[in-house]
Protein chains: 2
Amino acid sequence: MKRKPSEVPHISIERLILYRRCLLKLSCSEVFHVSSAVLGRITNVKPANIRKDLSYVGEYGKPGYGYEIDKLLAVIEKIIGINKLQRVIVVGVGNIGEALLCYQDWAARGFEIAGAFDKDRRKMGRVINGIEVRGDSEVLPFVKKEGIEIAILATPTEITQSKVNELAHGGMRGFYVFSPIVIDVPGGCYVENIDMISPLEFLVYRLKNKISK
Amino acid sequence: MKRKPSEVPHISIERLILYRRCLLKLSCSEVFHVSSAVLGRITNVKPANIRKDLSYVGEYGKPGYGYEIDKLLAVIEKIIGINKLQRVIVVGVGNIGEALLCYQDWAARGFEIAGAFDKDRRKMGRVINGIEVRGDSEVLPFVKKEGIEIAILATPTEITQSKVNELAHGGMRGFYVFSPIVIDVPGGCYVENIDMISPLEFLVYRLKNKISK
DNA sequence: TTTCATTTGTGAACATTTTAACAAACTTGA
DNA sequence: TCAAGTTTGTTAAAATGTTCACAAATGAAA
Ligand SMILES: NC(=O)c1ccc[n+]([C@@H]2O[C@H](COP(=O)([O-])OP(=O)(O)OC[C@H]3O[C@@H](n4cnc5c(N)ncnc54)[C@H](O)[C@@H]3O)[C@@H](O)[C@H]2O)c1
Ligand SMILES: NC(=O)c1ccc[n+]([C@@H]2O[C@H](COP(=O)([O-])OP(=O)(O)OC[C@H]3O[C@@H](n4cnc5c(N)ncnc54)[C@H](O)[C@@H]3O)[C@@H](O)[C@H]2O)c1
């Protein structure tokens with residue numbers, strides 16, 4: 001029941017991303033194929049659910065054998081669109097921004113931090129993990145020149161929305177935002193938001209009510 | 001249609017957490033009540049959905065008027081279990097751990113970082129944002145003495161699972177884990193996991209396929 | 001080659017979640 | 001006090017997501 005990528009349920013895409021993460025690890029070992037049962041044990045997803053997710057993107061498994069890991073990885077990465085390197089920028093090099101610059105696995109996940117920007121003069125010019133922090137005013141020329149479409153925002157909550165507006169106006173299309181607020185973007189732009197604290201609040205709820213998920 | 005808390009759909013709980021975040025901001029302004037229509041505009045959730053979520057936890061709205069913000073906040077916080085201060089520890093004071101210690105809004109969200117632990121001698125003894133970093137070996141006595149039930153883990157991916165095992169064995173019940181791996185916990189323990197990179201991968205997919213959510 | 005044990009892909013049943021619609025309840029202002 | 005306007009809580013229908021169960025396909029062993 002192969003569908004066009006845009007018709008794959010969002011929730012299946014989210015699981016595909018999870019499968020990929022686990023497959024990447026498997027592919028470093030001496031295993032070359034994996035069954036939905038085994039992948040299910042690794043990911044905590046029911047095998048039938050995995051097979052259905054994978055059926056949306058084509059038929060890549062062999063009965064009695066399972067899925068070839070490398071082939072499956074390639075297919076998932078193609079569907080998600082991370083089969084080629086994604087170059088992104090980081091705006092706001094504070095606590096979170098600096099942690100992101102120091103993250104070691106960007107390349108393994110298919111990303112490259114092409115540039116980092118902060119308006120604080122004390123941060124400008126610093127080189128963190130090989131990435132130079134530039135002045136905030138350089139961001140628009142930079143992304144235009146480098147053809148960057150995605151920005152990660154780790155700016156103070158109060159200024160994040162206006163920063164998004166400014167970047168969207170300058171042609172930025174995707175925003176990954178760490179501020180715990182609901183962000184508006186103009187048409188043709190897309191935003192993903194994480195609130196790093198919400199899952200902790202959910203954990204408190206689960207603990208209190210003994211909910212195992 | 002009031003249910004026991006444990007029967008409120010998980011997805012409604014997640015939205016309650018979102019509502020709370022927005023209500024907290026509203027409560028700082030001069031507004032005292034809010035309708036599902038207005039809250040819907042703020043949160044990007046359809047009003048009917050909001051009313052249904054709230055109906056699971058009781059009837060707190062007045063027709064023709066809306067919901068009293070303070071009352072609603074109290075109810076949501078009671079349901080989630082964050083009506084009293086939650087004391088947690090941070091294990092692993094690297095990039096993420098340090099960012100967490102520096103986060104300014106813990107108190108506003110109902111949390112307190114009661115302690116921080118790292119095994120690196122260079123970090124031990126440092127005081128970050130008023131929180132002393134202790135040696136890793138002190139963690140079990142500390143949590144026993146202080147009655148801490150929840151740990152935030154920002155340790156290197158390779159050691160996170162074993163750290164969870166150790167803490168679970170020592171009586172820790174809830175784990176909030178930043179390593180991008182699936183974590184196993186013994187019965188009676190609960191884990192929430194975030195992979196800070198996955199949402200970015202999802203953003204790439206949405207951008208490629210023009211999916212507005 | 002044949003048999004046996006696996007495992008896929010999928011249709012159908014089941015479960016959950018969202019949405020629309022509206023009577024009833026409340027506020028406001030005349 | 002009453003009428004007009006607003007907004008809730010709830011029902012039922014629609015939409016979406018999960019799980020089951022099994023025929024068909026394949027690999028592996030004899
Ligand atoms: N630190 C955490 O653990 C944590 C946890 C949850 C959420 N958050 C959220 O993440 C966001 C970032 O948090 P943080 O702790 O890294 O903040 P931070 O204050 O440490 O860093 C913000 C950085 O943005 C820079 N900045 C300010 N205005 C700018 C501009 N116009 N252009 C470019 N850079 C600018 C500042 O100079 C600073 O370096 C905040 O919205 C915060 O609420 C952080
Ligand atoms: N940095 C990021 O932006 C980022 C992004 C995505 C995911 N993550 C994940 O978050 C986790 C933490 O990342 P990080 O960048 O903060 O790592 P980090 O290496 O900067 O910090 C890890 C800290 O844990 C300490 N540690 C090691 N063993 C310990 C032990 N047994 N007990 C206590 N402390 C111990 C180390 O001394 C170090 O200070 C990793 O799993 C990483 O993959 C980080």
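Only this structure's heavy atoms are used, side chains among them; waters, hydrogens and symmetry mates stay out. Letters A, B, ... are given to chains in the order of the sequence lines, protein chains preceding strands, and every chain is numbered from 1. The model shown is predicted, which means the values in this text are computed figures rather than measured ones.
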Rounding to an integer number of Å, can you tell me how far [X] [atom1] sits from [N] [atom2]?
X       : N      : atom1 : atom2 : result
B/Arg15 : C/dT16 : CZ    : P     : 15 Å
A/Tyr60 : D/dT26 : OH    : P     : 16 Å
A/His10 : D/dA15 : NE2   : P     : 16 Å
A/Glu14 : D/dT18 : CD    : C1'   : 16 Å
B/Leu72 : D/dT7  : CG    : P     : 16 Å
A/Glu59 : D/dA25 : CD    : P     : 11 Å
A/Ile11 : D/dT16 : CD1   : P     : 13 Å
B/Glu7  : C/dT16 : CD    : P     : 11 Å

Problem set entry | salt_bridge(A/Arg206, B/Glu192) N-O dist < 4.0 Å |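 Counted as a salt bridge, because a side-chain N and a carboxylate O are separated by less than 4.0 Å.
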Exercise. Would you call B/Asp195-A/Arg109 a salt bridge at under 4.0 Å N-O?
Worked result: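 Result for this pair is yes, salt bridge flagged.
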Would you check if [X] and [Y] make a side-chain contact, meaning some heavy-atom pair closer than 4.5 Å?
X        : Y        : answer
B/Leu200 : A/Trp106 : yes
A/Leu54  : A/Leu72  : yes
B/Ile42  : A/Val182 : no

Exercise. Does a nitrogen or oxygen in the side chain of A/Ser36 sit under 4.0 Å from OP1 or OP2 of C/dT8?
Worked result: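 Answer is yes, contact under 4.0 Å.
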Problem set entry | A/Tyr56 side chain near D/dT18 phosphate (N/O to OP1/OP2, under 4.0 Å) |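 No, no such contact exists.
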Exercise. Hey, do the aromatic rings of A/His33 and A/Tyr67 have their centres closer than 6.0 Å?
Worked result: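 Ring-ring flag for A/His33/A/Tyr67: false, centres at least 6.0 Å apart.
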Exercise. Looking at the side chain of B/Lys52, which of D/dG9, C/dT19, D/dG17 is the nearest nucleotide?
Worked result: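 Selected nucleotide (nearest to the side chain): C/dT19.
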For this session: From the options C/dT8, D/dT8, D/dT10, select the nucleotide whose nearest atom is closest to the side chain of A/Tyr67.
Result: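 Shortest atom-to-atom distance from the side chain points to C/dT8.
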Problem set entry | Pair A/Asp53-A/Tyr19, side chain to side chain donor-acceptor pair (under 3.5 Å): steps then yes or no | CA-CA 10 Å; A/Asp53 288 338; A/Tyr19 303 155; 2.6 Å; yes
For this session: Go through the steps for A/Phe178 and A/Ile152 under the test side chain to side chain contact (heavy atoms under 4.5 Å, CB included), then give the verdict.
Result: CA-CA 8 Å; A/Phe178 280 86; A/Ile152 303 177; 3.6 Å; yes
Problem set entry | Aromatic ring pairing B/Phe202/A/His10, orientation class (parallel under 30°, perpendicular over 60°, tilted between) |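 Geometry flag for A/His10 against B/Phe202: perpendicular rings.
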For this session: For DNA chain D, determine which residues of residues 39-49 of chain A have any heavy atom closer than 4.0 angstrom to one of its atoms, and list them numerically.
Result: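 Hits under 4.0 Å, by residue number: A/Lys46, A/Ala48, A/Asn49.
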For this session: Looking at every strand, decide which applies to A/Ser12 at a 4.0 Å heavy-atom threshold: base, sugar-phosphate, or nothing.
Result: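 Counting heavy atoms under 4.0 Å across all strands, no contact is made by A/Ser12.
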Exercise. Nucleotide by nucleotide, 5' to 3', does protein get under 4.0 Å of the base (B), only the sugar-phosphate (S), or neither (-) in nucleotides 22-30 of chain C, counting heavy atoms?
Worked result: ---BBS---
